[in-house]
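Below you'll find the structure, written out as structure tokens, and then a few comments.
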There are 2 protein chains.
Amino acid sequence: MKIQVGVVDDMQLFLKSLCYLIDSFKNFEVSVDALNGEQLLEKMAKMDQCPDIILVDVNMPVMDGLQTAENVLKKYPIIKLVALSLQDDDTSVINMLKAGCCAYLLKDIHPDELQRALGEVYNKGYYNADLVNINYRRLITKAKLESENRISDKEKIFLNLSCSDLTYKQIAIEMKLSERTIDGFRESLFNKLNVESRVGMVLEGLRRNLVRL
Amino acid sequence: MKIQVGVVDDMQLFLKSLCYLIDSFKNFEVSVDALNGEQLLEKMAKMDQCPDIILVDVNMPVMDGLQTAENVLKKYPIIKLVALSLQDDDTSVINMLKAGCCAYLLKDIHPDELQRALGEVYNKGYYNADLVNINYRRLITKAKLESENRISDKEKIFLNLSCSDLTYKQIAIEMKLSERTIDGFRESLFNKLNVESRVGMVLEGLRRNLVRL
DNA sequence: TGTCACAACGGGAAATTTCCCGCCTTCCAA
DNA sequence: TTGGAAGGCGGGAAATTTCCCGTTGTGACA
């Protein structure tokens with residue numbers, strides 16, 4: 001019996017294509033695919049046998065990779081999760097591994113390496129792509145640093161509103177807070193994101209996927 | 001004989017996956033794939049028979065979709081090009097169609113629709129996805145509007161430098177121009193991009209793919 | 001040869017951003 | 001119960017951005 005694989009990605013064409021690719025691997029076959037974490041959980045609830053490995057896209061609209069990983073592992077702790085992402089984004093790597101993923105792969109990986117990675121994850125329980133491996137030490141220090149200055153919900157709302165033509169005064173009115181308070185959020189985010197202007201803050205927020213275009 | 005398809009995309013995993021998907025279509029098979037336009041032209045130069053249809057990703061690093069389309073059509077005017085893109089970005093749609101593409105498809109299209117699109121492009125010479133079709137009139141007016149206020153090279157350089165913590169004064173020094181001149185670029189871009197702050201300008205630049213994160 | 005568009009430049013002023021200072025309340029933990 | 005960290009608030013000032021008002025030189029074109 002082939003190893004059962006699940007695939008989650010919000011891009012339909014990529015999802016289905018990837019299923020064909022994986023089905024072409026000798027020892028693997030796709031037993032379930034879904035456009036987001038919610039759909040995945042629904043489909044899996046109706047299945048007799050759950051997949052051995054699930055490939056999860058990190059950036060998805062409805063239930064993102066992180067939430068999906070957490071929800072799947074809560075219900076099915078035996079399943080091995082593999083994160084799949086467009087960017088080599090430190091924060092995402094950290095979060096996905098912390099959530100319990102066995103591997104973090106980039107989407108422009110070569111199909112052969114995907115096959116090798118799936119094999120290793122199934123047999124050894126983990127797989128380290130070179131890219132992630134090399135920077136391991138740096139990631140850990142960065143993880144510590146980021147856990148120290150977590151970004152609060154209000155700061156996130158403020159960051160979102162900052163991604164516009166609005167002035168801080170208008171943002172203050174929008175959030176029903178004083179201009180000073182807004183200024184506090186600004187200052188705090190400048191420090192946490194290590195920038196020194198609103199433009200820098202917005203750009204760093206985009207890079208870290210704290211806000212969307 | 002099956003209809004020959006070429007595929008160009010810089011994301012290896014997607015490229016190869018898509019090839020498997022297309023090979024699974026009854027009447028189509030992939031005869032050439034490439035990671036960018038340059039590689040495609042190289043590979044095609046060595047081929048006896050060129051493909052009937054080529055699927056081209058719009059956003060690629062080495063030779064982007066637009067350049068690829070132009071270069072391919074210059075050498076092989078018979079080939080039918082189909083643009084494939086992540087976003088439904090008006091400017092990209094306009095440019096790719098203007099460059100001679102027969103269709104503009106989004107990457108989250110359903111595989112069945114891709115097959116239908118390929119069939120129609122081969123038989124009728126074009127395919128209009130609903131999404132593009134609906135907004136045709138708006139696209140034309142927008143194309144006119146954008147052709148009027150084209151963004152110059154210097155403005156693009158300025159826009160790139162604006163995507164940072166640099167002040168306009170520092171940008172002026174960097175570009176070896178006076179602050180006033182920089183201010184002129186700013187004003188001109190504000191008008192062309194229809195924004196009223198540097199943050200808005202940067203965000204609109206990102207949305208229009210004028211700058212990269 | 002005029003004039004017309006256009007890139008580059010400049011002064012100045014109002015609005016906004018950035019960065020100081022400090023105050024009060026709440027809530028949690030030592 | 002006594003900090004002490006964190007969220008919210010306020011005044012003020014310097015730096016930057018935004019928006020006016022212009023001038024000059026250059027090349028294209030009728």
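All chains are named by letter (A, B, ...) in the order of the sequence lines, taking the proteins before the strands, and each is independently numbered beginning at 1. Values reported hereafter were calculated over all heavy atoms of this structure, with side chains retained and with hydrogens, waters and symmetry mates removed.
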Report the residues that fulfil salt bridge (charged side-chain N to carboxylate O under 4.0 Å, His left out) with [X], sequence neighbours left out, ordered by chain and then residue number.
| X | value |
| --- | --- |
| B:Glu187 | none |
| A:Lys176 | none |
| B:Arg186 | B:Asp183 |
| B:Lys107 | B:Asp9, B:Asp57 |

Short heteroatom pairs, N/O only, protein and nucleotides 22-27 of chain D, under 3.5 Å:
none

Pairing residues for [X] by the side chain to side chain donor-acceptor pair (under 3.5 Å) criterion, not counting sequence neighbours:
| X | result |
| --- | --- |
| B:Asp52 | none |
| A:Arg207 | A:Glu204 |
| B:Ser162 | none |
| A:Asp165 | B:Ser197 |

Contact pattern, 5' to 3', of nucleotides 7-20 of chain D - B, S or - by protein heavy atom under 4.0 Å: -SBBB----SSBB-
Tell me, which pairs form a salt bridge (charged side-chain N to carboxylate O under 4.0 Å, His left out) where one or both residues lie in residues 152-163 of chain A, sequence neighbours left out? A:Glu155-A:Lys192
How bent is the helix from C:dT1-D:dA30 to C:dA30-D:dT1, measuring the angle between the end axes built from five pairs each, rounded to 10°? 20°
Relative to A:Tyr168, does A:Arg198 satisfy both conditions: NZ or CZ under 6.0 angstrom from the six-membered ring centre, and within 45 degrees of the ring's axis? yes
